[in-house]
Amino acid sequence: MATRLKHMAGAAAVAPLALLARVLDPPLRALQRVAGQGGMITFFLVPNMAIFGIFVLLPLCINFVYSMTAGPELFLAQRDWVGGAQYAKLLDCEDYTRPATCDEDLFWTAVWNTARFVVVQVTLLVVCATVTALILNRELRARGFWRAVFFFPVLLSPVVVGLIWRWILQRDGILNAAMLDLGLDPVNWLIERGWAFAATVGVTIWAHLGFYALILLAGLQAIPRDLYEAAEMDGTRPARMFWRITLPLLMPNLLVVIVLALIRAVQVFDEAYVLTGGGPGTATLYMTQYIYEVGFASLLKNPGLAAAASILMGGVLVVLTLVQLGLGRRGESKGKAR
Amino acid sequence: MRKMKTSLAALAVGLMAQGALAGDVRVMWYSDGVEGAVIKDLLDRFMAENPGINVILDEVPYSVVQEQLQVQLEAGQGPDIARVTNIKALADHWLDLTPHVADPDYWRENFGAQADWMRPDGSDAITGFMTQITLVGGFANKTLFEQAGVEMPGKGATWDDWVEASARVMESQGTVAAFAIDRSGHRISGPNISYGGVYIGEDGMPAPVNDGTKDFVGKLVDWTEQGLHLKDVWVSASGSTYRAAADDFINAQLPFYYSGSWQIANLSTKIGDLFDWVATGSPCGSAGCSGLQGGAALVAIKYTQNAEEVGKVMDYLAQEDVVREFSERTLFLPGHKGVNTKGGLNWDTQDPNVGAALDTFVAAAADVLPEAQRLPAWKWGSAYYGALVTRISQVMAGELALDEAWARIDSDIAEQVEAAQ
């Protein structure tokens with residue numbers, strides 16, 4: 001009886017969709033006769049491609065043209081065409097590893113700060129997310145609660161995350177108050193270069209860990225249990241099971257996590273900007289903040305230079321993503337060959 | 001039919017782009033204190049007297065005015081009227097109100113002293129008026145000085161005197177620093193000029209950083225290294241981001257705070273009767289005891305479609321009695337000659353510190369040196385201020401040596417001038 005009721009409820013729920021499919025069927029069949037099967041693919045892709053084109057490709061092209069112009073004007077027609085001068089300015093450097101020798105020293109400071117941030121943050125984030133996912137995958141008491149705890153920061157606005165941690169870490173913040181209560185000397189966390197950098201790394205990991213852990217948790221839950229059971233019967237140690245079973249089968253999810261974390265790390269802005277403002281000095285000045293300040297926030301704005309910097313940053317992102325995808329495909333094909 | 005549809009679509013886009021209908025006047029306004037409520041009250045009265053004009057007040061954070069208004073203006077968009085501090089650099093976007101106000105001579109007479117601050121060089125346009133005149137200057141925590149048994153330096157005291165006295169208060173009372181200056185190129189320009197700093201070259205273009213500026217900035221960097229100047233304020237951001245040290249002064253963590261007259265209402269509201277504070281004017285350097293004038297202007301935007309209505313709103317707000325009421329209620333120094341000449345402003349406050357502080361700033365205006373008087377009307381002030389604050393904070397953070405900073409400041413300014421021309 002209950003099963004029959006469930007079937008009836010299911011049929012009622014899909015009835016509108018079935019009706020819609022019947023209504024659309026004749027015109028779509030007619031269209032397919034005219035356009036052919038290949039044409040139908042185009043027909044279904046066009047709306048999405050139009051949106052992508054208008055809101056992604058077109059702005060990208062406009063941004064590229066901007067990077068070839070100079071002046072404070074907003075309309076392209078009013079701006080002076082300078083060709084590659086903005087790129088030349090950004091790339092004019094005696095020694096790229098020493099920003100002080102570069103014409104646009106703040107750009108290169110931001111580049112190296114971002115590179116350092118990406119290496120440290122992505123490595124720590126992936127390790128922490130993997131460990132968290134492994135723990136949350138075990139039979140824990142109140143497992144749902146712990147999963148929610150780790151995921152909760154993901155729901156917060158980046159600005160809120162930055163502000164919360166600023167109140168904790170600033171000179172007269174909660175952490176220093178607690179340290180004073182414990183008889184410890186307070187530390188100016190956001191004013192000392194090393195601590196400020198560590199703060200941006202730590203806070204961004206805290207904010208995004210839950211999201212990546214969730215992806216990895218889904219991957220862990222997809223690994224067949226019988227592989228572990230067989231390994232246990234063979235007397236395999238847990239560490240060996242991790243390296244020989246868990247990690248290889250988790251690799252597709254790890255690759256997704258690494259690519260997403262890498263892209264997000266290169267684009268780091270909101271949490272870090274609210275937390276440290278790029279300081280102390282320029283210790284946490286990252287690429288996106290540099291672009292934002294040059295293009296929008298400085299008293300005399302230079303949108304052409306900001307556009308050139310963003311194109312260079314976009315190029316780096318594309319290369320990194322292609323490398324990651326290439327490595328992923330090579331790994332997949334090796335797996336298949338075995 | 002197709003032509004009609006096209007026309008309607010163009011009309012709709014045009015209306016959306018302008019953001020205001022015929023008869024509407026949109027005002028972009030930011031507030032430091034209570035002035036948002038005061039201007040709303042005044043505009044409500046204006047609309048009651050002028051039922052055909054609908055004034056829409058958009059109250060926005062200061063950062064929106066600084067960062068987004070210029071983008072709108074460059075696109076030929078924006079509000080009809082805006083309250084701005086970047087007055088000179090954007091002067092090409094302001095509307096000449098001369099044909100739209102009832103009595104241009106009234107405007108020239110009462111607002112003429114600051115008219116050049118808000119119009120392109122060589123122009124005689126009437127573009128708006130100052131809602132407040134500000135003067136950079138210091139504040140001292142009188143209670144902390146008294147508790148420390150340290151005599152507060154008097155008129156004519158130098159920066160060294162103030163820092164030395166504040167350092168003794170810091171040691172006695174355990175404050176985080178002896179003093180702080182807001183993170184702003186504008187704020188340190190008064191002290192720089194007091195030590196002989198010259199920004200404006202003979203050709204009207206930016207001059208290279210000179211010995212006067214180097215003298216004061218060198219001292220400031222030394223004081224920062226010694227822990228006397230609050231390092232947090234200057235190194236806690238990169239670029240030209242503005243940071244105020246007002247909260248540390250309000251929390252009684254600073255014996256001496258160098259900011260400006262616009263802080264008076266803020267200090268009065270937040271400090272209340274927790275401690276006594278006084279305005280000190282600007283400490284002296286080798287060339288004088290100069291602060292730097294400035295302020296916020298209410299300007300009409302030339303892309304408005306309702307210039308006549310804008311003229312009426314501006315005429316109303318520029319009336320002597322309206323300016324007087326606005327100043328009394330906001331505790332702002334007025335920029336209206338008639339109001340200043342007649343004096344007798346009845347400040348709307350019960351705080352005894354406020355009247356004395358305002359009087360001190362009025363008196364300190366007489367000490368402003370000629371170089372400082374020229375700066376508000378100088379187009380390249382923003383370029384100079386931005387470069388100063390960016391590079392000096394790098395020196396304080398240990399990233400640059402002072403000699404490297406001077407070279408970078410000069411090249412930054414030159415690049416910004418080139419990019420803006």
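Just so we're on the same page: letters track the sequence lines, and every chain starts at 1.
Heavy atoms closer than 4.5 Å to chain B are found nowhere in A/Gln170, neither backbone nor side chain. With a threshold of 4.5 angstrom between heavy atoms, B/Asn86 approaches chain A through side-chain atoms but not through N, CA, C or O. Only the backbone of A/Pro99 comes within contact range of chain B, with at least one heavy atom under 4.5 Å from a heavy atom of that chain. For a residue to count as touching a neighbouring chain, one of its non-hydrogen atoms must lie under 4.5 Å from one of that chain's; by this rule B/Ser236 touches chain A with backbone and side chain alike. Heavy atoms of B/Arg183 lying under 4.5 Å from chain A are absent altogether. For a residue to count as touching a neighbouring chain, one of its non-hydrogen atoms must lie under 4.5 Å from one of that chain's; by this rule B/Glu418 does not touch chain A. With a threshold of 4.5 angstrom between heavy atoms, B/Glu399 approaches chain A through side-chain atoms but not through N, CA, C or O. For B/Asp248, the part sitting under 4.5 Å from any heavy atom of chain A is the side chain, from C-beta outward, and nothing else. Proximity to chain A is limited to the side chain of B/Val176, based on heavy atoms less than 4.5 angstrom apart. When heavy atoms are compared at a cutoff of 4.5 Å, B/Ile413 does not approach chain A at all. For B/Ser63, no part lies under 4.5 angstrom from a heavy atom of chain A. For a residue to count as touching a neighbouring chain, one of its non-hydrogen atoms must lie under 4.5 Å from one of that chain's; by this rule A/Arg79 does not touch chain B.
Side chains of B/Ser259 and B/Tyr257: a donor-acceptor N/O pair is present below 3.5 angstrom, by distance only. Of the N and O atoms on the side chains of A/Gln267 and A/Arg264, not one donor lies less than 3.5 Å from an acceptor on the other residue. With 3.5 Å as the limit, one finds a donor-acceptor pair spanning the side chains of B/Tyr199 and B/Ser189. Side-chain contact, A/Thr101 with A/Tyr96: no donor N or O sits under 3.5 Å from an acceptor N or O. Using a 3.5 Å distance cut-off with no hydrogens or angles, the side chains of B/Gln72 and B/Gln68 do not pair a donor with an acceptor. Using modelled atom types, one finds a donor on one side chain and an acceptor on the other under 3.5 Å when comparing A/Ser310 with A/Asn63. A side-chain N or O of A/Tyr87 and one of A/Ser67 form a donor-acceptor pair less than 3.5 Å apart. Inspection of the B/Gln293 and B/Thr134 side chains reveals no N or O donor paired with an N or O acceptor under 3.5 Å.
Most heavy-atom pairs under 4.5 Å with chain B: of the set A/Thr284, A/Asp105, A/Leu106, A/Val294, this distinction falls to A/Asp105. Contact count against chain A (heavy-atom pairs under 4.5 Å) is highest for B/Gln70 among B/Gln70, B/Lys231, B/Glu404, B/Gln66. Options A/Tyr292, A/Tyr273, A/Tyr290 differ in how many heavy-atom pairs under 4.5 Å they form with chain B, and the most are formed by A/Tyr292. Heavy-atom pairs under 4.5 Å with chain B peak, among A/Val82, A/Asp80, A/Asp172, A/Asn188, at A/Asn188. Contact tally against chain B (heavy-atom pairs below 4.5 Å) for A/Thr109, A/Asn302, A/Thr276: the top residue is A/Thr276. Between chain A and the options B/Ala237, B/Ala397, B/Ser411, B/Ala89, heavy-atom pairs under 4.5 Å are most frequent for B/Ala237. Annotation: maximal heavy-atom pairing with chain B below 4.5 Å, among A/Gly281, A/Gly279, A/Ala70, A/Gly278, occurs at A/Gly281.
Both tests pass for B/Arg83 against the ring of B/Tyr30: distance under 6.0 Å to the centre and angle within 45° of the axis. A/Phe197 carries A/Arg116 over the face of its six-membered ring, with the cationic atom under 6.0 Å from the centre and within 45° of the normal.
The aromatic rings of A/Trp189 and A/Trp195 sit perpendicular to each other, their planes meeting at more than 60°, with 30° as the lower class boundary. Ring geometry for B/Phe179 against B/Phe256 counts as tilted: the plane angle lies between 30° and 60°, on a 0 to 90° scale.
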